[in-house]
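What follows is a set of notes on a single structure, which appears directly below.
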Amino acid sequence: MISPHGFVRNERVKIMNEVNERKGVRIIKSVTSRKTCLCLFWIILFLMQNRLQQWFEPFQYVDELFALLIVPIFLFRRVREKYMLVWTKKKVIFSVLLLIFWLCGWGGYFLYHYQPLTNAAKDAYVNVKFFMAVGASFLMFDCKDLDFDELKRRLWPVLKGIAILLFVLCLADLCFGIFSTETRGGMRAVKLFYSTYTILVGLCAFLSALCLWFYEQQQKRIIPLLAMLSFVMYTTRRVKAMGAVACILLVYLFVFNKRHIINKKVRILAGCILGIAVIAGLYQIIWYYFTLRYESARAVLTIAAPFIAVDHFPFGTGWGAYASAFSVEPYSPVYGIYGMSSVWGISQANHSFISDTYWPMILGQCGILGFAAFLGALALFVRKALTLKTDKNAYAAVLISLLYLLISSSSESALVNPIAVPFAFLIGLLLAEKKVREEKSRRLASERK
């Protein structure tokens, strides 16, 4: 028999467990609500940054400020939660390689002084902001009390509304010519209220990656949204838009349908889209690198980069001196030394295409040593991102992000570009989700034992 005292004690334990459980549920709901609002805030701000900066210039620094948040967030969590970084061998190697890349840019600056310190410092920061933004996003959402399923449930209506809104605005612009634009191939090219077409393409690719993250919950309800976003991208008449749409379709088929027999009509559609993207890409390569050649800013910057790296071995020209937006004011003497100052798009009078490529900038500014270190760090980062393969939704989203950044690196400043930060935000969010889910699984497994 259980004594009266034992019975009372058991009842107290039962009541305390119920109280703690209710308290835990309230904490999870509160944390999830705050994190959902935070996630929505950043998504909408990233989508509106370009438009807002047209009205108020300081908004152009939103992406830089987001990346910089990694410092206060880490310090806050370190003080409040005793948050600790777990240093694995891969993390150490990644950090060392990234540091070598960064220091090579400074080595070139101190050796040659092609640009002022302010230009070098700005360029040095934006060249690592992508990785900092991933870290900031990870720290922001790495919370054991965050319910990611509930967060996604609340995000979905907003994401759906944004995709539909962009599609409707695109149709309205095609029909009534609401926004200023240009004609390509005899057809109207759409950019809506953004300052450039590539911004609209990049943001649609970002939203498409987000849509794929919802596949498990929404299933084929994401297909109409992907179709709308793909249509908006195609109306920009940009080659990278065709490449992005082809990647989205192929990733969707590869990740979610690879074990199923794909319909013949779908196979034909996928083949047509991929064929158009490949033909457009080849045409652009032939046009810029073989037809225009020395009249093309992109080709000239690419061809000159290896020679500059060899002449400035091993550190390169230094930050802000070559193929960078910060090499314009003041105008970098490197362009004059290598006879590029008269090329349209690179000249001092017309430098609109001076940062129209990415890899030559890394090779030219950081030299052979810095370029090799950067490739090593990037390979480790991609390998880490691809560990999300255990979750098909996150894996599809991260594949789209990485593939789009790869496509954009051929014709713009890629990881330095403001559009790279929304993708960094998403990758950090996905890595945080993976960690939180794994820790919850381990706790449940230990409780069962």
Side-chain angles (χ1 to χ4, degrees), residues 11-48 66 69-70 72-84 86 133-164 206-207 209-219 221-222 225 388 390-398 422 424-449:
E11 284 298 308
R12 285 177 179 173
V13 170
K14 185 178 179 181
I15 291 170
M16 288 299 295
N17 287 337
E18 290 176 355
V19 169
N20 289 333
E21 187 177 343
R22 286 197 295 269
K23 185 179 178 182
V25 170
R26 285 198 301 271
I27 291 172
I28 290 172
K29 286 183 178 179
S30 175
V31 169
T32 303
S33 296
R34 291 200 308 271
K35 296 296 184 182
T36 302
C37 292
L38 187 63
C39 190
L40 282 172
F41 170 78
W42 284 113
I43 289 173
I44 293 170
L45 189 56
F46 289 140
L47 293 173
M48 293 302 298
F66 178 81
L69 284 176
I70 188 173
I73 292 175
F74 175 75
L75 293 176
F76 175 79
R77 295 195 64 179
R78 181 75 182 89
V79 172
R80 186 177 179 181
E81 305 170 16
K82 306 299 181 185
Y83 187 86
M84 293 292 292
V86 179
V134 173
S137 178
F138 178 82
L139 290 173
M140 205 176 283
F141 295 99
D142 175 23
C143 180
K144 62 182 177 63
D145 295 318
L146 175 56
D147 184 348
F148 276 93
D149 291 326
E150 179 63 17
L151 180 143
K152 291 166 77 173
R153 188 187 68 79
R154 296 183 184 186
L155 284 179
W156 173 251
V158 180
L159 178 61
K160 185 167 64 173
I162 291 170
I164 293 171
F206 165 65
L207 290 171
L210 269 174
C211 283
L212 290 172
W213 184 42
F214 288 85
Y215 182 82
E216 186 178 350
Q217 289 182 330
Q218 303 301 328
Q219 296 294 319
R221 284 191 288 271
I222 70 169
L225 299 190
L388 294 166
T390 52
D391 180 347
K392 288 195 300 185
N393 310 287
Y395 185 55
V398 83
F425 169 83
L426 177 58
I427 293 171
L429 174 63
L430 297 175
L431 290 171
E433 180 191 23
K434 179 177 182 288
K435 182 186 174 185
V436 170
R437 289 189 187 278
E438 286 178 349
E439 288 181 347
K440 284 182 179 179
S441 297
R442 283 196 294 268
R443 282 200 302 270
L444 288 173
S446 62
E447 286 172 5
R448 289 194 189 102
K449 291 179 181 179

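Sequential numbering from 1 along the given sequence is applied to the chain's residues.
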Could you grab the distance from atom CZ of R437 to atom CZ of R442, nearest 0.5 Å is fine? 14.0 Å
Is the shortest side-chain heavy-atom distance between D142 and Y83 below 4.5 Å? yes
Within the side chain of R154, is there an N or O that forms a donor-acceptor pair under 3.5 Å with the backbone of T36? no
Closest heavy-atom pair, D147 versus T32, reported as atoms and distance to 0.1 Å, is N-OG1, 3.1 Å
I'd like to check R443 versus K144 (side-chain heavy atoms, cut-off strictly below 4.5 Å). Are they in contact? yes
Quick one: pull up CD1 in I164 and CG in L225 and give me the separation to the nearest 0.5 Å. 6.0 Å
Atom OG in S137, atom CG in L431: separation rounded to 0.5 Å? 8.5 Å
Student check: side-chain heavy atoms of L207 and L47 closer than 4.5 Å: yes
Is any side-chain heavy atom of R77 less than 4.5 Å from a side-chain heavy atom of K82? no
Separation of L155 CG from K35 NZ (nearest 0.5 Å): 13.5 Å
Side chain to side chain contact (heavy atoms under 4.5 Å, CB included) between F141 and V436: does it pass, once the steps are laid out? CA-CA 9 Å; F141 295 99; V436 170; over 6 Å; no
What residues form a salt bridge (charged side-chain N to carboxylate O under 4.0 Å, His left out) with D391, not counting sequence neighbours? none
Side-chain donor/acceptor of N393 to backbone N/O of E216, under 3.5 Å: yes
Please answer whether the main-chain N or O of W213 pairs with a side-chain N or O of K152 as donor and acceptor at a distance below 3.5 Å. yes
Of all residues at least two apart in sequence or in a different chain, which pass the ring pair (Phe, Tyr, Trp, His ring centres under 6.0 Å) check with Y395? none
Less than 4.5 Å apart, side chain to side chain, heavy atoms only: is that true for K434 and T390? yes
Would you call E150 and R153 a salt bridge, using N to O less than 4.0 angstrom? yes
According to the interplanar angle, ranging from 0 to 90°, do the rings of F214 and W156 count as parallel (below 30°), tilted (30 to 60°) or perpendicular (above 60°)? tilted
Tightest non-hydrogen contact, residues L426 and A209, listed as CD2-CB, 3.6 Å
Hydrogens and angles aside, do S30 and R34 bring a side-chain donor and acceptor to less than 3.5 Å of each other? yes
Could you give the distance from NZ (K440) to NZ (K435), rounded to the nearest 0.5 Å? 13.0 Å
Atom CH2 of W42 and atom CZ of F425: how far apart are they, to the nearest 0.5 Å? 8.5 Å
